[in-house]
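Here the structure is laid out as structure tokens; the discussion comes afterwards.
Since the model is a prediction, treat every value here as computed from it, not as a measurement.
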Amino acid sequence: MGSREAGADGPGPPGPGPGEPRFPFPYTPYVIQEQFMAALYGALEAGRVGIFESPTGTGKSLSLICGALTWLRDFEQKKREEEARLLAPEESGQEGKERPGSAAAAQPESQGTAGEPDWVTAFVQKKEERDLVDKLKVEECSDGTRGNGSVWQGEEQIRRKKREDRLEKIRNNVQLKYAAKRKRSEEDETKRLLQLSKEVLSEGAGDALEQLDHNEEELILAEYESDEEKKVVSGLEEDDDDLEEEHVTKIYYCSRTHSQLSQFVREVQKSPFSKDTRLVSLGSRQNLCVNEDVRRLGALQLINDRCMEMQKNKHEKKSDEENGEKKRRVSRTVCPFYSYEQMQFLRDEVLVEVKDIEQLVALGRKTKACPYYGSRYAVSAAQLVVLPYQMLLHEPTRNAAGIKLKDQVVIIDEAHNLVDTITCIHSAEVSGSQLCCAHSQLLQYMERYRKRLKAKNLMYIKQILYLLERFVAMLGGNVNQNPSCQAVSQTGTVLKSINDFLFQSHIDNINLFKVQRYCEKSLISRKLFGFVERYGSPASAVKSSKENQKLSGLQNFLLTLQQGADTEAGTPQSPVVEAEHEQVRTASPLMQIEGFLSALTNANQDGRVIINRQGTVGQSSLKFLLLNPAVHFAKVVEECRAVIIAGGTMQPVADFREQLLACAGVDPARVVEFSCGHVIPPENILPIILCSGPSNQQLEFTYLTRSMPQMMDETGRILCNLCNVVPGGVVCFFPSYEYEKQIYAHWEKTGLLTRLAVKKKIFQEPKKANQVEQVLVEYAKCIKRCSQAGEQMTGALLLSVVGGKMSEGINFSDDLGRCVIMVGMPYPNIKSPELQEKMAWLDKTMPRAAGQPPSRVLIENLCMKAVNQSIGRAIRHQKDFASILLLDHRYARPAIFNKLPQWIRDRTQVKPAFGAAFAELRKFHRGKLNAS
């Protein structure tokens, strides 16, 4: 492994050979790309935590790929050379002799750097080397030769050679693929015939009743054994050497969405490393499952539970067969894609050629192998693992995916919202409707199956019922009444520490860790969903048994509760389409509550419980707020060799350094920052801070002044003037939807909107996400149409919102965004209870920075992160150009100004008066128009 005591910049890659580039690259890289790759190489070699910023349009993805994979290639080469060096003495009979310059050759009287005698240091080093040699050596072969006949071979080397040979055969031998395909076809035909024979045999008189009993059996919880009592089945065949292969040194690349990950994989495919890099794309079951019956469930939690249940069925079936047990009842459903042999084949196919998630799913369907598990089997041998960062940042999910971070490299891309992301992943909210609904469902379930449930299941169910009862009581309600009809006597929001919440709700005597584990392992939410699906929906009311008649009241009550949970709480439960009846159903609310129970197991000082009482019990909610995201990031930076946090806009970086890295215990000396400029020439961007408008009205959009008529009029006059000189599209960002709506109505009333519409067609950002695409299409069409000669309008004006649908992830390149305007400073709502608690926590735990309290720094950083994301929408490639206008004199303050991205800050002009700013803007855009 590389030394972590290297200098601040770390060693760079070895110099290029004659005619070779320093870093392999698909084309001649920009200078800033070479600088980026060199800095990245140094950070990985020195084991640093790096904060890397490279603006969009500068080829950040390719720089990350080529810089990181160059380092990995060199690291693997050095590791092989080190293995050969350690094994060489065995071959030449030099075992036990000191090598020149080794630590053991030092004089025993001298002192080591840590105060120990050098002979102690040498002994320790010698022992470590011998341990490594023992690990690398393999036992003598049965024919008496050693390894390949004369040289000890490393066990790891043999595994590596075996893997490479297998993959090379698959890569080059088409016959192997045809043989595998033919074998799968034969197996499919065999399975079909077996199934047909079973159906013929099952036409007996008593089979219908037996099937009914089986269906009922599937709803009943299996006997629960905790983790202490039973080793959990891993789902792997334990007798296979290939799957026991040690994890090779690898790079975990994370980004926010599956589309961003697919785009990254396509960049790898275009890079010089595409042919010899073993890459694996990981994703959720929702994205990778190819079993249509499971996919149809829709909700992620339902898909997860159903998949786990089918796995469990397979292992129980295998166990029964091994024990020679024969059961008359119909076997439980197992997944036909969860075949070990088929997934082995898929694993090798994945490692042979770089594939994105869409290609992986297509391969899974073709080979009839599960891409979700097949991709996980490939992780240990992969060199580059691509995954959503929620999967890496959430430890239980990380462990389930087989991700081992020890001495590995993690690159987190699009990381500008990393602090918020970790906070959201580990926060949870449940409504009063969900709590009452889950209590009613679980109570009816327990009553129906009480005599058939084991004692431990009954014990845990009663504990969960008690927890739900106490949670509703904390909202001022009663679980036995409809939450929609229960008025809350004292409305408002109360924040409590975790311990205070547990004591005041009288649940401090319950072990939440065990309850959480029970929910996870027993799949109770899945069983409960199946129960409600059968007995709690109108579709099942046609059944006429006495037991079902007794449940008719439950059907109506659950339906009322569930509707309340859907409409009042606005919870993110996903609708599920039923195969037979095509009616919409909702996942069990217990799934959401399990997340809240898990959140309550955080340390007392790291979070708060927010009790929000509103109107009725159904509308009220309990929310867990994580205050210290560093506790969940600490293990990542502790275990990894190096961690790179990268993004197009990372300024201001104080949040990463202080809230994330310092709180996670990272030594400041280990942190390195890199920020590169943009590839566009300086004359292609004109950022201006405007301090006053055309009528000399000072621009200060505070919450109190921004609604004044003169301030809204001045903003309108600025836009009217700009629209006269800026061609194409103008994007104007407002601090909130409410202010955008208010100022639009004012302009409409004063006639200013009509004057604006003469030069630019006006579009407004919709609040609904499904309408954004249509607005953007119309906006782009209008700009293209207006660019044609003879049109009176010069383009379009898009009124958008900071933090809305168009401030992140959407490109306003070329004519779509020739000018970006930021109206005021989008400070967050300081009256928010969550933000107030976060500010109080920071002031209590963090040191003052440059004389400012940490809470003030947080507010400024949140504001400027939002600004930087919004104004970065315009410049998207080397030949692009745009002007940026910041409307508020406060942007000129040094503390704020210095939080702009450096490539924008270096070119920003501060204009106290509108006249001078307008002259610069007119000159800039006329010059670009003439140049084209």
Test item: Asp356 side-chain N/O and Val265 main-chain N/O as donor-acceptor pair under 3.5 Å: no

Main-chain N/O of Cys863 paired to Lys899 side chain as donor or acceptor, under 3.5 Å: no

Pro24 to Thr70 - nearest heavy-atom pair and separation: CD-OG1, 3.5 Å

Considering all heavy atoms, the nearest Val419-Pro629 contact: CG1-CG, 3.8 Å

Sub-4.5 Å side-chain heavy-atom contact between Leu72 and Leu384: no

Exam field: side chain Ser375 to backbone Tyr372, donor-acceptor pair closer than 3.5 Å: yes

Phe273 backbone acceptor or donor facing Ser271 side chain under 3.5 Å: yes

Approximate separation, where rounding is to 0.5 Å, of Leu627 CG and Asn602 CG: 10.0 Å

Distance (rounded to the nearest 0.5 Å) between Ile645 CD1 and Leu418 CG: 5.5 Å

Ser274 side chain to Lys270 backbone, donor-acceptor under 3.5 Å: no

From Glu395 atom CD to Ile403 atom CD1, the distance as rounded to the nearest 0.5 Å: 11.5 Å

Gln516 versus Ser598, side-chain donor and acceptor atoms under 3.5 Å: yes

Over 12 foreign heavy atoms within 6.0 Å of NZ, Lys844: no

Glu860/Arg856 salt bridge by N-O under 4.0 Å criterion: yes

Aromatic ring pairing His632/His426, orientation class (parallel under 30°, perpendicular over 60°, tilted between): parallel

Electrostatic pair Arg256:Glu414 at N-O distance under 4.0 angstrom: no

Pairwise side-chain contact, Val820 with Phe812, heavy-atom cut-off 4.5 Å (strictly under): no

Backbone of Arg641 reached by a side-chain donor or acceptor of Asp407 within 3.5 Å: no

Value rounded to 0.5 Å, distance of OG in Ser63 from CZ in Phe25: 4.5 Å

Donor-acceptor side-chain pairing of Arg347 and Tyr373 below 3.5 angstrom: no

Validation row: Trp841, Glu837 side chains within 4.5 angstrom (heavy atoms): no

Salt bridge Lys60-Asp413, side-chain N to carboxylate O under 4.0 Å: yes

Validation row, ring centre Phe596 to ring centre Phe624 under 6.0 Å: no

Check: Gln383 side chain, Ile251 main-chain N or O, donor-acceptor pair, under 3.5 Å: no

N/O donor-acceptor pair under 3.5 Å between Asn829 side chain and Leu835 backbone: no

Sub-4.5 Å side-chain heavy-atom contact between Leu626 and Ile425: no

Gap separating the OH atom of Tyr253 from the CG atom of Leu69, nearest 0.5 angstrom: 12.0 Å

Glu639 with Arg398: basic N within carboxylate O range, under 4.0 Å: no

Steps toward side-chain contact (heavy atoms from CB on, under 4.5 Å) verdict (Phe656, Val671): CA-CA 10 Å; Phe656 300 105; Val671 181; over 6 Å; no

Within-4.5 Å side-chain heavy-atom neighbours: Arg278 and Val248: yes

Glu267 (side chain) donor-acceptor with Leu62 (main chain) under 3.5 angstrom: no

Minimum heavy-atom distance between Val354 and Gln269, given as atom pair plus value: O-NE2, 3.1 Å

Side chain proximity check, Leu600 to Val609, heavy atoms < 4.5 angstrom: yes

Gln263, CD atom: more than 12 neighbouring heavy atoms under 6.0 Å: no

Exercise: identify the closest heavy-atom pair between Leu842 and Leu858: CD1-CD2, 3.5 Å

Non-hydrogen atoms of Lys865 and Met650 that approach each other most closely: NZ-O, 3.8 Å

Expected output: side-chain Arg670 to main-chain Gly47 donor-acceptor under 3.5 Å: yes

Nearest non-hydrogen partners of Ser54 and Phe36, listed with the distance: CB-CE1, 3.7 Å

Trp903 side chain reached by Gln651 side chain, heavy atoms, under 4.5 Å: no

Stepwise side-chain contact (heavy atoms from CB on, under 4.5 Å) test for Glu76 and Thr249: CA-CA 8 Å; Glu76 288 177 342; Thr249 301; 5.6 Å; no

Step-by-step side-chain contact (heavy atoms from CB on, under 4.5 Å) determination, Met825 to Ile896: CA-CA 10 Å; Met825 300 187 69; Ile896 301 295; 3.7 Å; yes

Worked check of side-chain contact (heavy atoms from CB on, under 4.5 Å) between Leu392 and Leu405: CA-CA 9 Å; Leu392 183 122; Leu405 298 182; 4.0 Å; yes

Note, Met864 side chain near Pro652 side chain (heavy atom, < 4.5 Å): yes

Worked check of salt bridge (Lys or Arg N to Asp or Glu O under 4.0 Å) between Glu638 and Lys635: CA-CA 5 Å; Glu638 284 169 10; Lys635 198 165 186 179; over 6 Å; no

Side chains of Ser284 and Asn287, donor plus acceptor under 3.5 Å: yes

Pairwise distance CD1(Ile689) to CG(Asp888) - rounded to 0.5 angstrom: 9.5 Å

